[in-house]
Structures are given as structure tokens and as C-alpha cells.
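Read through the structure below, which is laid out as C-alpha cells, and then see the notes.
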Amino acid sequence: MIQERSMLTVADNSGAKIIQCFRVLGATRRRYARIGDVIVASVKKAEPRKAIKKKDIVRAVIIRQKQPLRRADGSYIRFDENAAILIDAKQEPKATRIFGPVPREIKEKGFEKILTMAKEIV
């Protein structure tokens, strides 16, 4: 469960390293975001000489969360960190590489491009 003020690591090579969520998109008073949801975040830490800078406002899709996620078959999946990938206005990733595992629930939410870029699908 990602909520406002949650800090997330960025799992791509866009230049951002750590982002802080300040809005969960999807409904008027939506409080929590899960895997596959889009958030609006501020970049808190970034690599030098990259396109994304500190204090930039970005949209991101959550690909990993510490809170266990129940799958349709009854099993649960849980990750060690909260992580996101930065996306543009067309819901496509800004980066060219994605690091770490990506759950297959991302495809059901309409982010096929992210799933094709991932090395490991869980």
C-alpha cells in the first residue's frame, strides 16, 4: 500500500533514484495505491547529468510493494521494497531499461511495454 508521503525507489535508468508520492490517481479521495496503479510523485534524489532532475514532478506506475498482494489463484506475492517506474503522458516508460523483477499483474493494468522491457517476470 503506497500512500501520500511514501518514499519509493525508482527501478529504471531514467535518472531518478528516490521519489516521494504526493497523489494517488484514479478517484477523488483514493488513499492507497497498489501494484499497477499510477501516482504523481516528486523526485527527491537523482543522478547527475540525466534527463530527470531533483524536484521534478513525475508520474510513476508502481511495480513492487512490500504489502503482500493476493493473486487470483490464492497465492500471495510480496517484495522487499516499494518501487516504481516513471512514465510519460502516453503511459509508456521514460527509461530504456528496467531493473529487478516485475509482477505479471502489470500486463492486466495495460502496461505491456513495461513487461516487455523487464528481464524477470514473477
Side-chain angles (χ1 to χ4, degrees):
M1 293 185 333
I2 308 300
Q3 61 185 353
E4 292 181 6
R5 299 191 57 126
S6 294
M7 302 292 271
L8 298 98
T9 58
V10 180
D12 60 21
N13 65 346
S14 61
K17 286 295 176 191
I18 296 176
I19 59 173
Q20 182 179 16
C21 172
F22 66 84
R23 177 63 61 212
V24 177
L25 298 180
T28 305
R29 289 183 181 88
R30 190 163 178 199
R31 186 172 293 179
Y32 303 113
R34 296 183 192 87
I35 290 177
D37 291 341
V38 178
I39 62 170
V40 181
S42 173
V43 177
K44 294 296 178 182
K45 197 178 207 181
E47 289 181 17
R49 298 174 297 281
K50 292 281 186 156
I52 306 295
K53 306 289 184 211
K54 188 176 175 183
K55 297 183 183 178
D56 283 352
I57 305 300
V58 294
R59 286 183 184 230
V61 61
I62 298 169
I63 60 163
R64 292 192 285 271
Q65 68 179 12
K66 288 182 181 180
Q67 177 76 24
L69 175 74
R70 187 174 191 275
R71 288 189 161 165
D73 63 355
S75 64
Y76 288 88
I77 184 167
R78 180 177 64 188
F79 296 96
D80 292 337
E81 63 179 355
N82 296 322
I85 293 175
L86 304 186
I87 57 173
D88 58 9
K90 292 187 251 178
Q91 305 286 327
E92 299 210 356
K94 288 186 177 182
T96 57
R97 293 180 63 201
I98 294 175
F99 307 116
V102 177
R104 61 178 173 259
E105 282 82 8
I106 295 292
K107 186 175 182 181
E108 297 165 7
K109 299 282 183 141
F111 297 102
E112 291 87 11
K113 179 84 173 180
I114 292 173
L115 210 61
T116 58
M117 292 171 57
K119 285 188 176 181
E120 185 178 355
I121 300 166
V122 182

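Note that the structure is a prediction, hence the values are computed from the model and not measured.
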Hey, are Glu4 and Arg31 close enough for a salt bridge, meaning a charged N less than 4.0 Å from a carboxylate O? no
Thinking salt bridges, do Lys109 and Asp37 make one under a 4.0 Å N-O criterion? yes
More than 12 non-hydrogen atoms from neighbouring residues, nucleotides or ligands closer than 6.0 Å to CZ on Arg97, yes or no? no
Within a reach of under 6.0 Å around CZ of Arg104, are more than 12 heavy atoms found that belong to other residues, nucleotides or ligands? no
Can a salt bridge be assigned to the pair Lys66 and Glu81 using a cut-off of 4.0 Å between side-chain N and carboxylate O? no
Flag yes if more than 12 heavy atoms outside Lys113 fall under 6.0 Å of its NZ atom; otherwise flag no. no
Mind checking whether Leu69 and Glu105 have side chains closer than 4.5 Å, heavy atoms only? yes
Between Arg64 and Asp80, does at least one N-O distance fall below 4.0 Å, as a salt bridge requires? no
Checking Thr96 against Asn13: is there a side-chain donor and acceptor pair closer than 3.5 Å? yes
Checking Asp12 side chain against Leu86 main chain: does a donor-acceptor pair fall under 3.5 Å? yes
In this structure, CD1 of Ile2 is separated from CD1 of Ile62 (nearest 0.5 Å) by 4.5 Å
Side chain to side chain contact (heavy atoms under 4.5 Å, CB included) evaluation trace for Ile52 with Lys94: CA-CA 10 Å; Ile52 306 295; Lys94 288 186 177 182; 4.1 Å; yes
Looking at Lys17, is its backbone amide N or carbonyl O close enough to the side chain of Thr9 to form a donor-acceptor pair, meaning the two atoms are under 3.5 Å apart? no
